[in-house]
Amino acid sequence: QVQLVESGGGLVQAGGSVRLSCAASGSPFIFNAMGWYRQAPGKQRELVASIASGGNTNYADSVKARFTISRDNGKNTVYLQMNSLKPEDTAVYYCNAVRFLAGLGKYDYWGQGTQVTVSS
């Protein structure tokens, strides 16, 4: 049974840094893509960053210059280094992992989320 567990969230001052981790357990395979979404109060859930198994990355424009996503395929773990944090970054951050199986389809997994609060 695949489980994604996020860690590293908390309270940080504006301009500070936080590193989020998401570890996948119970997975004997490498995910085709892993990433981070976030949802702030009153807003839609949005993609923050994603990374494919080969290392190709994608970022939301609002975080592109400040956040860095990385992964350890051997551990099925994805990280999000967040620098120069702004109050607008305050949200619940969700880990996401995707596995494509030929002939079977797409399997999409989600973590429970971790709160990141950036104070002014």
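All residue numbers in this chain count up from 1 along the given sequence. Heavy atoms only: backbone and side chains are in, while hydrogens, waters and symmetry mates are out.
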Test: Arg19 cationic atom under 6.0 Å from Tyr79 six-membered ring centre, within 45° of axis: yes

query: Can you name the closest pair of heavy atoms from Ser119 and Leu11 and give their distance?
result: CB-CD1, 4.3 Å

- prompt: Can you tell me if CD on Gln112 sees more than 12 non-hydrogen neighbours from other groups inside 6.0 Å?
  reply: no

- prompt: Using links of under 4.5 Å between side-chain heavy atoms of ILVMFWY residues, direct or through other members, which residues join Trp110 in one cluster?
  reply: Tyr37, Leu47, Val92, Tyr94

- prompt: Counting N and O atoms only, with roles assigned by atom type, does the side chain of Asn96 sit under 3.5 Å from a partner on the main chain of Met34, one being a donor and the other an acceptor?
  reply: no

query: Crowded around Gln3 CD? As in, over 12 foreign heavy atoms under 6.0 Å?
result: no

Residue pair Gly8 / Val18: nearest heavy atoms and the distance that separates them: O-CG1, 3.3 Å

task: Could you tell me which non-hydrogen atom of Cys95 sits nearest to which non-hydrogen atom of Val78, and how far apart they are?
output: SG-CG1, 3.8 Å

field: hydrophobic_cluster_shared for Ile30 and Leu101, side chain cutoff 4.5 Å
entry: no

message: Are Val12 and Val48 connected into the same hydrophobic cluster when the rule is that any two of I, L, V, M, F, W, Y join if their side-chain heavy atoms are below 4.5 Å apart?
response: yes

message: Could you walk me through whether Trp36 and Glu6 satisfy the side-chain contact (heavy atoms from CB on, under 4.5 Å) test, starting with their C-alpha distance in whole Å, then the side-chain angles of each, then the deciding distance to 0.1 Å, before giving a yes or no?
response: CA-CA 10 Å; Trp36 294 91; Glu6 303 100 333; 3.7 Å; yes

field: Min side-chain heavy-atom separation Cys22-Thr77 under 4.5 Å
entry: no

Scan the side chains in residues 66-76 for donor-acceptor partners under 3.5 Å anywhere in the protein, sequence neighbours excluded, and list what turns up.
residue : atom : partner : partner atom : Å
Arg66   : NH1  : Ser84   : O            : 3.0
Arg66   : NH1  : Asp89   : OD2          : 2.7
Arg66   : NH2  : Ser62   : O            : 3.0
Arg66   : NH2  : Asp89   : OD1          : 3.0
Arg66   : NH2  : Asp89   : OD2          : 3.4
Arg71   : NE   : Asn73   : OD1          : 2.5
Arg71   : NH1  : Phe31   : O            : 3.4
Arg71   : NH1  : Ile51   : O            : 3.1
Arg71   : NH1  : Ala52   : O            : 3.4
Arg71   : NH2  : Phe31   : O            : 2.8
Arg71   : NH2  : Asn73   : OD1          : 3.2
Asp72   : OD1  : Gly74   : N            : 3.0
Asp72   : OD1  : Lys75   : N            : 3.3
Asn73   : ND2  : Ser53   : O            : 2.9
Asn76   : ND2  : Ser27   : OG           : 3.4
Asn76   : ND2  : Phe29   : O            : 2.5

query: When rounded to the nearest 0.5 angstrom, what distance separates CZ in Arg38 from OG1 in Thr90?
result: 9.0 Å

query: Does Gln13 CD have over 12 foreign heavy atoms under 6.0 Å away?
result: no

Main-chain N/O of Lys106 paired to Arg99 side chain as donor or acceptor, under 3.5 Å: no

message: Taking the side chain as everything from C-beta on, heavy atoms only, tell me whether Val116 gets closer than 4.5 Å to Met82.
response: yes

